[in-house]
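This is a predicted model, so every value here is computed, not measured.
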Amino acid sequence: YDAVVVCNGHFTTPHIPHIPGLTHFAQHKHLLHSHYYKNPTPFTQHKRVVVVGAGSSGVDLAVELCHVGVCHVILSHRAGVASIDGGTEGLRSLPNLVQKPPIRSIEVVTKNDKNDHDTKYDHDTKYDKDSKCDFRFYYEDGSYSDDVDAVLLCTGYEYDFPFFGSEMCNRGSGGDGDVSVSHDGDVSVSQKCGCRYVHVSHGCVQPLYLHLFHMSLPTLCFVGLPWR
C-alpha cells in the first residue's frame, strides 16, 4: 500500500482512572465500566453505588439507578454540580442521589474504624454494624463514604491501536499497570503497551500534525481523533 488511514474509532477500550485502592476493591466488590452496562438489573441488589464521572453516560445511569431500587447513589465527579439538560433541579429532586468530588483513595476499614469515624464528614453514611471489614471512599474535599457495594465507571475511553505489529510497538516496563474490567466482571492488572512511533500522552495521540498526519511517517494518517 502507498498509504494507511487509521479509522478505528476510540469508543472501544474503556479508560480506567488511577484511583489508589481501586484494584483491591475490584477483587472483592462489583466494578463495571459503562461500556459494558446493559441494564440496571445487576445493581438492584446493591444498596450503595458510586458512579464515577458526570458526562452524559454518568448522569443518565445515575438517574436510572435511582429509579430502579438502589437505595443510595453517589455521583463522584469534578464538574462542580452535575445537571440534566443544563438544569440542576432534575438531580436535586432525587432523594437517594448525592454528588461528591472526585475520589482521592479507597481504603480498607474495620468495624472499629467505622465506630470511631467523625459523622460530620459524611452525615448520610449508614453502615452494617455486623460488618468486619469494608471499604471507605475518601473524596478530595476530605469527606468519605462507607459500605459501597459497587462502582460504575463512566470515565470515557482510551485511544488504542492494537493492530500495530511488534515493529511499531514495544511494551513499557515501568509502573504497576492498570485495572481492566471485562464485560463479565473479570478484573485484571496489566502493563500498557506504548507504541514506538505512535503514543498517547494526556489523552493526545502523538506525534501527529493537526491530529491527522504522522510527522515521521507522512503516509500514515489518523481520522477523527479529536472527536469526543
Side-chain angles (χ1 to χ4, degrees), residues 9-19 21-22 25-26 28-106 119 121-128 134-158 179-187 203 227-228:
H10 50 269
F11 298 103
T12 301
T13 304
H15 168 66
I16 310 299
H18 174 68
I19 300 175
L22 183 63
F25 177 88
H28 298 274
K29 300 285 187 174
H30 188 188
L31 174 66
L32 188 74
H33 192 276
S34 59
H35 180 72
Y36 301 110
Y37 183 96
K38 302 301 181 184
N39 60 73
T41 302
F43 292 91
T44 56
Q45 59 183 324
H46 300 308
K47 295 181 178 179
R48 177 168 292 217
V49 177
V50 172
V51 178
V52 180
S56 299
S57 296
V59 172
D60 288 348
L61 296 183
V63 172
E64 180 169 80
L65 293 177
C66 287
H67 289 301
V68 296
V70 177
C71 296
H72 197 84
V73 177
I74 302 171
L75 183 59
S76 173
H77 60 92
R78 60 179 72 256
V81 178
S83 62
I84 301 177
D85 296 330
T88 60
E89 295 303 321
L91 291 180
R92 290 177 178 175
S93 65
L94 298 172
N96 53 339
L97 186 144
V98 173
Q99 298 191 48
K100 289 286 188 179
I103 301 169
R104 187 183 68 202
S105 64
I106 304 173
T119 56
Y121 285 122
D122 191 4
H123 62 276
D124 54 17
T125 292
K126 297 180 181 180
Y127 56 88
D128 180 5
D134 212 323
F135 293 89
R136 176 170 293 172
F137 282 58
Y138 286 95
Y139 306 100
E140 290 185 353
D141 64 350
S143 64
Y144 56 81
S145 298
D146 288 335
D147 295 324
V148 174
D149 300 301
V151 171
L152 180 58
L153 298 175
C154 302
T155 49
Y157 296 86
E158 299 274 8
V179 182
S180 60
V181 188
S182 68
H183 68 279
D184 55 4
D186 291 336
V187 180
W227 179 259
R228 290 291 184 180

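Side-chain atoms of Lys47 and Asp147, non-hydrogen and from C-beta on, never get closer than 4.5 Å to each other. Residues Tyr139 and Ile74 have side chains in contact (heavy-atom distance under 4.5 Å, counting atoms from C-beta outward). Side-chain contact between Val50 and Ser145 is absent, with no heavy-atom pair separated by less than 4.5 Å. Looking only at side-chain heavy atoms (C-beta outward), Phe135 and His28 come within less than 4.5 Å of each other. Annotation: side chain of Leu153 is not in contact with side chain of His35 (no heavy-atom distance under 4.5 Å). Within the 4.5 Å cutoff, no side-chain heavy atoms of Phe25 are placed close to those of Ile19. Contact annotation: the side chain of Thr13 never approaches that of Tyr157 to less than 4.5 Å [non-hydrogen atoms, C-beta and beyond]. Side-chain contact between Leu65 and Leu152 is present, with at least one heavy-atom pair separated by less than 4.5 Å.
Annotation for Cys154 and Leu61: closest pair SG-CD1, 3.9 Å, computed over non-hydrogen atoms. Between Pro17 and Thr155, the closest heavy-atom pair is CD-OG1, 3.7 Å. The two residues Lys100 and Ser143 have their closest heavy-atom pair at NZ-OG, 3.4 Å. Taking each heavy atom of Leu94 and Val63 in turn, the nearest pair found is CD1-CG2, 4.0 Å. The nearest pair of heavy atoms linking Ala54 to Val59 is O-CG2, 3.6 Å.
A salt bridge does not link Asp149 to Arg48: none of the charged side-chain nitrogens sits closer than 4.0 Å to a carboxylate oxygen.
In this structure, CD on Glu158 lies 12.0 Å from OG1 on Thr12, to the nearest 0.5 angstrom. Note that the OG atom of Ser76 and the CZ atom of Arg104 stand 12.0 Å from one another [nearest 0.5 Å].
The only member of Val148, Val98, Val49 that meets side chain to side chain contact (heavy atoms under 4.5 Å, CB included) when paired with His72 is Val98.
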Apply side-chain contact (heavy atoms from CB on, under 4.5 Å) to the pair Val151 and Ile103, showing each step before the final yes or no.
CA-CA 11 Å; Val151 171; Ile103 301 169; 5.8 Å; no

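Between His46 and His30, the ring-plane angle classifies as tilted under the 30° and 60° cut-offs.
Every residue meeting the side-chain hydrogen bond (donor to acceptor under 3.5 Å, both in side chains) condition with Glu64, not counting sequence neighbours, appears here in chain and number order: Tyr37.
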